[in-house]
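Taking it in order: structure first as C-alpha cells, then the write-up.
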Amino acid sequence: TGVQTCALPICIAADAAFAAPLTVTNCYDDGRAGSLRTVIAGAASGDTIDLSGLPSADPACTSSRITLTQGQIPVSGALTVVGPGQKKLAIDGNDASAIFYSTDAAGTLTLRDITITDGHNPGRRGGCISHAGSVVLDGAAVTGCTLDAYGSTGKYRPIFAGAGIFAGTVTLQNGANVRGNTMSKTDTYPGSIFGAGIAAAYLYCTDSTISGNLAVFSAAGGAYASNKAVITRCTIDNNIASKYGGGLLVHGATTISESTISHNGGGSGGGISSTGALTLSNSTVAFNYAGPNYGAGIDSTMDVTLQSSIVGDNSNQTGAPIDIRLASGKRIFGSANLVEYTTALVNNGAVVSFAAPRLAPLGDRGGLTRTHAILSVSPAVDAGANPSHDSKDQRDAARESPSSKPDIGAYERQPLDDELFYDGVDST
C-alpha cells in the first residue's frame with residue numbers, strides 16, 4: 001500500500017517499494033519504541049528495517065548486539081533487515097530462542113550486513129532462522145546457532161533440520177557466512193536430523209562461505225538441499241557430519257562452479273554426498289575425509305560430470321585415498337580433470353591426470369572466499385579447460401581462455417604468484 005501524494009489537480013500514489021526505511025534506534029528488546037521487535041511488528045510487506053545507525057545511535061548498546069529476551073521475532077511478507085556491517089552488530093538469541101520465524105511460504109526475509117547469532121530453537125526446525133519461504137543472506141552471517149533432538153528408541157520422533165537456517169529457499173551472496181552452527185541427537189534417536197548450517201529445498205550460494213558447522217550423529221554438516229543446489233565461487237570447508245555429507249548433502253540436481261570443497265568430514269561423502277545429477281566445473285574438492293569404504297571427496301549414487309576440476313588428497317578412515325566413489329556401473333564424465341584416485345568407471349578423456357594435485361593450504365588469496373593455490377609444480381597447471389568461458393577464477397583473478405591453457409581447479413595461477421607466502425603444501 002502506497003502513500004498518496006497530491007499536487008492539484010493530480011494525485012500520484014507512491015509505490016511501497018520506495019517507502020522510507022523504518023529505523024531501529026536502540027538495542028533493547030523490552031517493547032519500547034524504536035526497538036527491533038517493535039519496529040518489525042509495525043512493518044508492512046516490502047519494508048526495510050534499518051539498523052545501520054547502531055550501535056553508535058544507542059550509547060547503552062556497549063556490546064554491539066541486540067539480545068532477545070522475549071523469544072523469537074515473527075516476520076511475514078517481504079522484509080529486509082539492514083545492519084552496519086557483519087562484524088559491527090549482532091542479533092543474539094541468548095541461547096534461549098530462535099531469532100526469526102515465519103510461516104509465510106510466499107515471503108522473503110533478506111538480511112544484509114548483520115550477524116545473527118546464538119539462537120537455540122527448542123522446536124523442530126531452524127536454530128536461528130525458521131522460514132517457510134525464502135531467506136537471503138546478503139553479506140550477513142549466521143553463526144553459533146544450535147538445534148537438539150533427543151528421544152528413546154522405538155518411539156516416533158519428527159524430523160529436525162537446519163541448526164543455522166531452515167527455509168524453503170536459502171540464498172547466500174556477497175560474502176555471506178554460515179559458520180559454527182551445531183545440531184545433535186542421541187545415537188539411538190529414531191528420527192531424521194540434518195543440515196547443521198543450512199537445510200533447504202533450494203540452495204543458491206555465490207561468493208560466500210559455509211564453514212565449521214557440526215552435525216553430531218546427524219547428516220549434512222555444511223548444508224542440505226532436497227531439490228536443487230547451485231554453488232558459484234563459494235567455499236565449503238571444515239564442516240563435519242557423523243553420517244552423510246560432511247560438506248554438502250544434496251538429493252536434487254547440483255551445479256558447482258569455481259568453488260572449493262575442503263577439509264570436510266562425513267561418514268559417507270566427506271565433501272559431497274549426492275543422489276541427484278552432480279556437475280562440477282573449474283572447482284577443487286580436496287582434503288576431505290569419510291568413513292571406511294566411502295568416497296571421501298564425492299560419494300554419489302549417480303553419474304558425475306566433471307569439467308576441469310581437481311578431486312584429490314581426500315581419504316577415508318581406512319587410509320584409502322578414495323576421492324570419488326559412485327554406485328555400481330556409474331561413470332565419471334567430462335574432460336580435463338585431475339582425479340587422484342577413484343573406484344568409479346571413467347569415461348574416455350574425462351581425467352587427464354591421476355597425480356597428486358600439489359596444493360597450498362586453504363587461505364585468503366583475494367576475493368570474498370578462501371582458496372587452495374596450486375603450486376608451480378602442480379600437474380594442474382596449464383592442463384585444464386574453461387568450458388563455461390569464465391573470465392575470473394574463484395578469487396576473482398583472471399581466468400585464462402581455453403586457447404591459453406587454463407589451470408585445472410578453482411584457482412588460476414597468475415604471473416606474479418609468489419609461493420614463499422603459501423606456507424608449504426597442504427596435506428591430510
Side-chain angles (χ1 to χ4, degrees), residues 86 112-113 136-140 171-178 203-211 222-223 229-237 247-248 254-263 271-272 278-287 305-312 334-338 352-353 357-376 378-419 421-422 426:
Q86 194 180 114
R112 184 174 300 138
D113 298 327
V136 178
L137 297 189
D138 186 356
T171 300
L172 311 181
Q173 59 193 34
N174 297 324
N177 271 279
V178 177
L203 173 64
Y204 301 95
C205 181
T206 305
D207 297 310
S208 297
T209 299
I210 302 171
S211 179
V230 179
I231 312 294
T232 308
R233 296 187 305 277
C234 288
T235 293
I236 301 175
D237 73 284
L248 187 63
T254 302
T255 303
I256 299 173
S257 60
E258 302 287 4
S259 293
T260 298
I261 317 292
S262 174
H263 290 291
I272 304 167
L278 176 61
T279 300
L280 286 84
S281 62
N282 301 102
S283 292
T284 300
V285 181
F287 307 109
T305 300
L306 304 177
Q307 299 286 0
S308 196
S309 290
I310 293 172
V311 188
S335 63
N337 299 290
L338 186 158
V352 297
S353 176
R358 303 286 291 174
L359 301 173
L362 188 67
D364 183 1
R365 297 184 175 88
L368 294 175
T369 54
R370 290 164 296 145
T371 53
H372 285 290
I374 57 172
L375 304 181
S376 60
S378 171
V381 175
D382 292 343
N386 188 4
S388 300
H389 304 288
D390 295 335
S391 61
K392 301 292 182 66
D393 69 358
Q394 181 180 342
R395 60 185 180 135
D396 205 34
R399 174 69 80 180
E400 298 289 344
S401 67
S403 61
S404 301
K405 297 182 178 180
D407 301 331
I408 303 175
Y411 182 98
E412 184 77 28
R413 283 185 61 84
Q414 303 299 306
L416 298 179
D417 277 0
D418 188 347
E419 294 175 9
F421 299 99
Y422 288 168
D426 207 344

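Note: hydrogens, waters and symmetry copies are ignored here, and every other heavy atom, side chains too, is used. Bear in mind the structure is a predicted one, so any value in this text is a computation, not a measurement.
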Search all heavy atoms of I310 against all heavy atoms of P357 and return the closest pair with its distance.
CG2-CB, 3.7 Å
Could you grab the distance from atom CD1 of I236 to atom CD1 of I231, nearest 0.5 Å is fine?
4.5 Å
Classify the angle between the aromatic ring planes of F287 and H372 as parallel (below 30°), tilted (30 to 60°) or perpendicular (above 60°).
tilted
Sequence neighbours excluded, which residues qualify as side-chain hydrogen bond (donor to acceptor under 3.5 Å, both in side chains) partners of T369?
Q394
Interatomic distance, OG1@T235 vs CZ@R370, rounded to 0.5 Å, equals 6.5 Å
Spatial distance of atom OG (S378) from atom CG (L338) [nearest 0.5 Å]
6.5 Å
List the residues meeting side-chain contact (heavy atoms from CB on, under 4.5 Å) with A223, not counting sequence neighbours, and say none if there are none.
I198, L203, I210, L248
Main-chain N/O of G409 paired to S309 side chain as donor or acceptor, under 3.5 Å:
no
Distance col, row T232:OG1 vs L172:CG, nearest 0.5 angstrom, shows 11.5 Å
Those residues at least two apart in sequence (or on a different chain) that pass salt bridge (Lys or Arg N to Asp or Glu O under 4.0 Å) with D113 are none
Which residues pass the side-chain contact (heavy atoms from CB on, under 4.5 Å) test with N282, not counting sequence neighbours?
E258, S308, N386, P387, D390, R399
What's the spacing between N337 CG and L280 CG if we round to 0.5 Å?
9.0 Å
Donor-acceptor contact present, side-chain R358 to main-chain P379, <3.5 Å
no
Mark yes or no for whether E412, through its side chain, and A398, through its backbone, hold a donor-acceptor pair below 3.5 Å.
no
Strictly distance-based, threshold 3.5 Å: is any side-chain N or O of D207 a donor or acceptor partner for the main-chain N or O of L368?
no
Applying side-chain contact (heavy atoms from CB on, under 4.5 Å) between Y411 and each of L359, T284, T260, D417, report the one that passes.
D417
Applying side-chain hydrogen bond (donor to acceptor under 3.5 Å, both in side chains), can you list everything that pairs with S335, at least two apart in sequence or on another chain?
Q307
Taking all non-hydrogen atoms of both residues, which atom of V311 and which atom of L306 are closest, and how far apart?
CG2-CD1, 4.2 Å
Just to verify, what does D396 make a salt bridge (Lys or Arg N to Asp or Glu O under 4.0 Å) with, not counting sequence neighbours?
K392
In chain order, what residues pass the side-chain contact (heavy atoms from CB on, under 4.5 Å) check against Q173, with sequence neighbours excluded?
V136, D138, T171
Which residues share a side-chain contact (heavy atoms from CB on, under 4.5 Å) with A397, sequence neighbours left out
D393, R395, Q414
Test side-chain hydrogen bond (donor to acceptor under 3.5 Å, both in side chains) applied to S281 - qualifying residues, sequence neighbours left out:
none
Report yes if some heavy atom in the side chain of V285 is under 4.5 Å from a heavy atom in the side chain of I256; otherwise report no.
no
pair D407-D382: side-chain heavy atoms closer than 4.5 Å
yes
Side chain of S208, backbone of T206: donor and acceptor closer than 3.5 Å?
yes
Main chain of S211, side chain of T209: is a donor-acceptor contact present, judged purely on distance under 3.5 Å?
no
